[in-house]
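Some notes on the structure that comes next.
Just so it is clear, the values below take in all heavy atoms, side chains as well, and ignore hydrogens, waters and symmetry mates.
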Amino acid sequence: MTATQPLWRMLSSTRAARRPLRALQADPDRFAAFSRAEGDLLLDFSKTELEASSLALLLKVAEAADVAGQRDAMFAGGRVNVTERRAVLHTALRDSTPAPLMLDGVDVKAEVRATLARLAAFAEAVRDGRLTGATGRAFTDVVNIGIGGSDLGPAMATLALAPYHDGPRCHFVSNVDGAHLADTLKGLDPATTLVIVASKTFTTVETMCNARTARAWITRALGEDAVGAHFAAVSTARDKVAAFGIAPERTFGFWDWVGGRYSLWSAIGLSVMLAIGPERFGEMLAGAEAMDRHFHTAPFADNLPVLLALVGLWHRNVCGYGSRAIVPYDQRLARLPAYLQQLDMESNGKSVTRDGLPVAQPTGPVVWGEPGTNAQHAFFQLLHQGTDVIPVEFLIAAEGHEPELKEHHDLLVASCLAQSEALMRGRTLEEAAAQLRAQGLGEDEVAALAPHRVFPGDRPSVTLAYRQLDPHTLGRLIALYEHRVFVEAAVWNINAFDQWGVELGKELATALLPAVRGAAAPAGASGSTLGLLSHIAASRQG
């Protein structure tokens, strides 16, 4: 951060002299100056505190941090995941250009094409009924068993693309809580259910526990010999997959240079392909590739991922805002906030630099959200009148998929635009009092009620607007956020591609499992944990 420190000090000075958002919006040219579009995808960041001077400084921060050099190294297959000494090439999963991309003497793009072809052949065979279950009946349902990126990505995308479903129904199980699997399987017929086990190592504790239970569900109904006909695997551990009873032709691998939260584009997306078909899946890949190309080639001043990242850096490091809310005004994007939560917080929740030194500034914010309009009736009270300022990122489509329900979509769009306007504008005490007087209230009631009707306003938001949520647009949106996370990490000088923070809890859970089952507690367990073990044991005994 040394090269950027003077710029951060200058940015702090510019914010000290900032103007309220209402005043900034009075400029008739502000929207044009603080919005950018790539095709029909628009990024509006005019409702933030950024001015020309602060944006210019942020662009210099990106330059001083060598974001372009780090970006180019990632696309070229450089080992930018420094702690694991790995390349980061999720972009290669959607790169349709003919030029090879060599890594350790292997053309990774040729391997990707071959895997995609296998996935497409398998998906089509399931979808058209050529590949059936053990009884000869076509599959009507698919259960994807995974966790983290092996669940969040395909679950989010499958829901998002519901209008394009023309294959079997897809269900997703991630939680080791038996209720998740039990509730999912309850309404399904084993004879027409295909189970996908998604685990790169085929050792993920939660996934394999669920997979064994699903296997028992199949064998109870159809016999041991049915396992091979009702399971597929997304894994590189072919020996473990074979021992489970899944044949090589139903096993689809991916690579160390694909992190779990970036793996939707790989074989992890098999359930999405089964739902919407290989052609539509290809459209999603093409959308992501288009955003990759834009990120790789557009000047930073017009580069959507860079600009979205700079807004995030401004809010986190200059304004001191500790979280951001993701509010898609699209019910089918209900899982997008959770998906972005993992993408962002697992990537940038770091406190040391790539050199192993303490970071100089706060890094990843808390990312959370829900779809609008539900969110308006849940947490928008805090956004509007709470004591913390939380920037909001709105997403809205100009058109829905149900023309006969245009009235609904018009109300949805109006609600989205109104909320960003209200957060920006607020309502002064004088305005609140005038409104109450207009309603015929006396001065005593006005004085008592007006303070409760005040909205501070001056609360920033950005809006992503696009024509319609189709596979191509979904691909663009996901890639946009992937690259946003990358740029923020590059500026903070942290490694966005490891996740050591998830390991300690796993280790402790393994050690504690025997104690939960009645054995002695492991040495070093805290008094709190010992007390909880005792309470749970007593509760089990009634």
Donor-acceptor pairs under 3.5 angstrom involving side-chain atoms of residues 54-65: please list them, not counting sequence neighbours.
unit_1 : atom_1 : unit_2 : atom_2 : d
Ser54  : OG     : Glu51  : N      : 2.8
Ser54  : OG     : Glu51  : O      : 3.0

Salt bridge flag under 4.0 Å for residues Arg94 and Glu482: yes
Aromatic plane relationship, Phe497 with His90 - under 30° parallel, 30 to 60° tilted, over 60° perpendicular: tilted
N-O pairing of Lys47 and Glu393 below 4.0 Å: no
Exceeds 12 heavy-atom contacts within 6.0 angstrom, atom CZ of Arg335: no
Polar side-chain atom of Arg22 near backbone of Gly426 as donor-acceptor pair, under 3.5 Å: yes
Expected output: side-chain Arg425 to main-chain Gly457 donor-acceptor under 3.5 Å: no
Check: Tyr164/Thr158 side-chain N/O donor and acceptor closer than 3.5 Å: no
Greater than 12 external heavy atoms within 6.0 Å of Glu399's CD: yes
Main-chain N/O of Asn175 paired with Asn210 side-chain donor or acceptor, under 3.5 Å: yes
Pair Glu38, Tyr466: side-chain N/O donor-acceptor within cut-off below 3.5 Å: no
Salt bridge present between Arg79 and Asp104 (N-O < 4.0 angstrom): yes
Side-chain donor-acceptor pair present, Asn495, Arg354, cut-off under 3.5 Å: no
Residue Met10 excluded, over 12 heavy atoms near CE under 6.0 Å: no
Arg261-Gln499 side chain donor-acceptor pair, cut-off 3.5 Å: yes
Parallel, tilted or perpendicular: rings of Phe75 and His483 (30°, 60°): tilted
Residue that, paired with Phe45, satisfies ring-ring contact (aromatic ring centres under 6.0 Å, His included) out of Trp314, Phe394, Phe31, Phe34: Phe34
Donor-acceptor side-chain pairing of Lys109 and Ser96 below 3.5 angstrom: no
Residues that Arg476 engages under side-chain contact (heavy atoms from CB on, under 4.5 Å), provided they are two or more places apart: Asp40, Leu41, Met291, His472, Thr473
Donor-acceptor contact below 3.5 Å, side chain Thr510 vs main chain Lys506: yes
Polar contact flag, side-chain donor to acceptor under 3.5 angstrom, Glu49-His315: no
Heavy-atom donor-acceptor pair, Arg118 side chain to Thr251 backbone, under 3.5 Å: yes
Arg324 side chain to Trp368 backbone, donor-acceptor under 3.5 Å: no
Residues Asp498 and Lys350 bridged, charged N to O under 4.0 Å: yes
Exam field: side chain Asp44 to backbone Thr463, donor-acceptor pair closer than 3.5 Å: no
Between Ser199 and Thr207, a side-chain donor and acceptor under 3.5 Å: no
Side chain His401, main chain Leu469, donor-acceptor under 3.5 Å: yes
Donor-acceptor contact present, side-chain Arg30 to main-chain Ser46, <3.5 Å: yes
salt_bridge(Asp458, Arg18) N-O dist < 4.0 Å: yes
Side-chain H-bond candidate by donor/acceptor type, Trp255 with Glu111, under 3.5 Å: yes
Side-chain donor/acceptor of Thr236 to backbone N/O of Lys200, under 3.5 Å: yes
Verdict with supporting geometry, Asn81 and Trp257, side chain to side chain donor-acceptor pair (under 3.5 Å): CA-CA 9 Å; Asn81 180 350; Trp257 40 261; over 6 Å; no
